[in-house]
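Beneath this line is the structure, given in structure tokens, with notes to follow.
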Amino acid sequence: MVSGLTVNERQRALVVLALLAIVGMAMAAFGAMRGDLLQVHGFVVLLFSLVVLAPVLKGYFAPEPPAERLHDYYDDPIKVGIILSMIWAVFGMGVGDWVAWLLAFPDMTFDAAWSSFGRLRPVHTTGVIFGFGGSALIATSFHVMQRTSRARLADQFSPWFVLIGYQLFCILAVSGYLIGITQSKEYAEPEWYADIWLVVVWVVYLLLYLRTLARRKEPHIYVANWYYLAFILVVAILHIVNNLAVPASFAGVKSYSAFSGVQDAMTQWWYGHNAVAFFLTAGFLGMLYYYLPKRAERPIYSYRMSIVGFWGITFFYMWAGSHHLHYTALPDWVQTLGMTFSLMLLIPSWIAAGNALATLNGAWHRVRDDAALRFMMMAAIFYGLSTFEGSFMAIRPVNALSHYTDWTVAHVHAGVLGWDALITFGAFYALVPWLWKRERMYSPVLVEVHFWLALAGTLIYVFAMWNSGIIQGLMWRTYNDSGTLTYSFLDTMIAMHPYYIARAIGGLLFLTGTLIACYNIWMTIRRPAPRAAPAGDTPLPQPGAPLPANPQPAE
Amino acid sequence: MDIQHHMLVAFAKSYGLFYLLAMAAAALIYACWPANRARFDKAARDIIDDEDKPWR
């Protein structure tokens, strides 16, 4: 990896890492003076820079890479990104299943602060959303931007800066929660210094994408790029606005939000729902619009629909966040606005889901035979289901039943397990053999096993939480003849217990599938590349054979 | 503060509707413009085979 960098780029890496180490030492020193937790994070930053420094130093004196490399796509950061993403998947889903068991058996905290649900739960959400999902989005976006532009990445240094710098953000986030560092904003828990670091990384990411697009040889910008760009640009805006805060001290972790009261709540859920929209939807739709047609070897059913859907999603999602604040101090008309836009969102959402399924129409035999494609098809189905459910749950009277119950948890996991994780696994199963130049995955059988484990795990999880959530919601609103609540909170807990065990088992199945995927990907990478066939030892092309199977116009 | 709130509501309820309609119209016209059809068809087809090398 390092040997692919020029000496100049290796020096730039050394400078950045040395600066990072100095920042880490300064954080540790200032934190120590005030007895602040910043000290711990200073050491985390220092250790991180040293760990990354080791391979750079080891490869520093390797000969310069040949100039011919510039005639190829630059795939090294994509490969590393896929591996990092799978490590985060195991970690994040492992912690997720741990907290699932913890909810069923609360004694499992062993009286330690770090193992309480309140600290482990954000470790799970950050691990899967930002660690697994974010790394997968970065890796696949590097692939899609190069292939659809027919151009090599704009330079070799910034992709590494983005990918590795992003890992530091995730590590700071996750390690912070365990020792009690949080700004208590859901999905935006990391404190001010980690937020500033992410802004730096993200701006480099945006510039890298724009610079690569500017070098494109293909005049038309393929629609998947629009989705990835919306993801990068809007996440930058959301992250900056929602994390506007004043640190109590530059030598301490604590900060105070620039907003207060209901404005703070509205800003947080404007961020929160658009994180779902642009992190967990737009980016992964970019994946869908590239890898699904490519794997199916059929152009997308309607390119026009993908454009209309894109603008629908970008315009509508921005206004939907207030449905998280139904029946609160937020003005009524803002709640109604959020509800209305959430309902309208069904149109662009189903455009995307329908477009994906219509692309596969006529190639169902491929879906049957190819598990990677089946992952993508199932993801499109779950995308359609969970967006329908989301619009439905945003209706105020429905929300009165569903809010604060496990129904929300069911909805989120139908989305992230059924849609985001499945499309990512499908994309990885397609991408790994392409990138490492293998004919196919090490074991197609294990891909099948993974598919059925993931599907079974998702269904068990979602059905358990639907049952649990609706029972919970109904019990909370049941009154007796004298007008008081029939059930105590403890009664609802006892009623939910069996579903919590079922949920943890569903999660365990999903996690097992992910472990199998790691093994399969690892063995695919380790398997020696097939020897090039001797010249002339290939079948002659059939005269007049069409290149893509079942070509269809993009209409 | 009151005036600001009322202004915002009035803005959202009147102008907000029309600028969203205008943006929707712009997106639909771009997507359905007949001259764009060939370009879109080509874009959709071209990604199927792009694994070789960057173009020079």
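Proteins get letters first, then strands, A, B, ... in listed order; numbering begins at 1 in each. Since the model is a prediction, treat every value here as computed from it, not as a measurement.
Checked against the 6.0 Å centroid threshold, A:Tyr291 and A:His143 count as a close aromatic pair. For B:Phe40 and B:Tyr30, the gap between ring centers is short of 6.0 Å. Remark: aromatic rings of A:Tyr303 and A:His220 are close, center separation under 6.0 Å.
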Hey, mind stepping through A:Lys437 and A:Asp75 against salt bridge (Lys or Arg N to Asp or Glu O under 4.0 Å) and telling me if it holds? CA-CA 11 Å; A:Lys437 313 243 183 302; A:Asp75 290 342; 5.0 Å; no
Apply the test side-chain contact (heavy atoms from CB on, under 4.5 Å) to residues A:Val241 and A:Trp270: give CA-CA distance (whole Å), side-chain angles for both, the deciding distance (0.1 Å), then the verdict. CA-CA 10 Å; A:Val241 174; A:Trp270 168 77; 3.8 Å; yes
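With respect to the salt-bridge test (charged N to carboxylate O, under 4.0 angstrom), the residues B:Lys42 and B:Asp46 qualify.
Between chain B and the options A:Arg152, A:Arg216, A:Glu218, the largest number of non-hydrogen pairs under 4.5 Å is found for A:Glu218. For chain B, the option among A:Trp311, A:Tyr290, A:Tyr289 with the highest count of heavy-atom pairs below 4.5 Å is A:Tyr290.
There is no contact between B:Asn36 and chain A, counting heavy-atom distances below 4.5 Å. Proximity to chain B is limited to the side chain of A:Pro331, based on heavy atoms less than 4.5 angstrom apart. The contact between B:Ala24 and chain A is made entirely by backbone atoms, counting heavy-atom distances below 4.5 Å. Heavy atoms of A:Phe310 lying under 4.5 Å from chain B are absent altogether. Looking at A:Tyr73, both its backbone and its side chain come within 4.5 Å of chain B, counting heavy atoms on both sides.
Along residues 332-342 of chain A, the residues that come nearer than 4.5 angstrom to chain B, judged on non-hydrogen atoms, are A:Trp333, A:Phe341 in order of number.
No side-chain N or O of A:Asn355 forms a donor-acceptor pair with one of A:Ser306 less than 3.5 Å apart.
Side chains of A:Ser158 and A:Arg211 form a contact here, defined as non-hydrogen atoms less than 4.5 Å apart. Using a 4.5 Å heavy-atom threshold, the side chains of A:Pro348 and A:Val308 count as separate.
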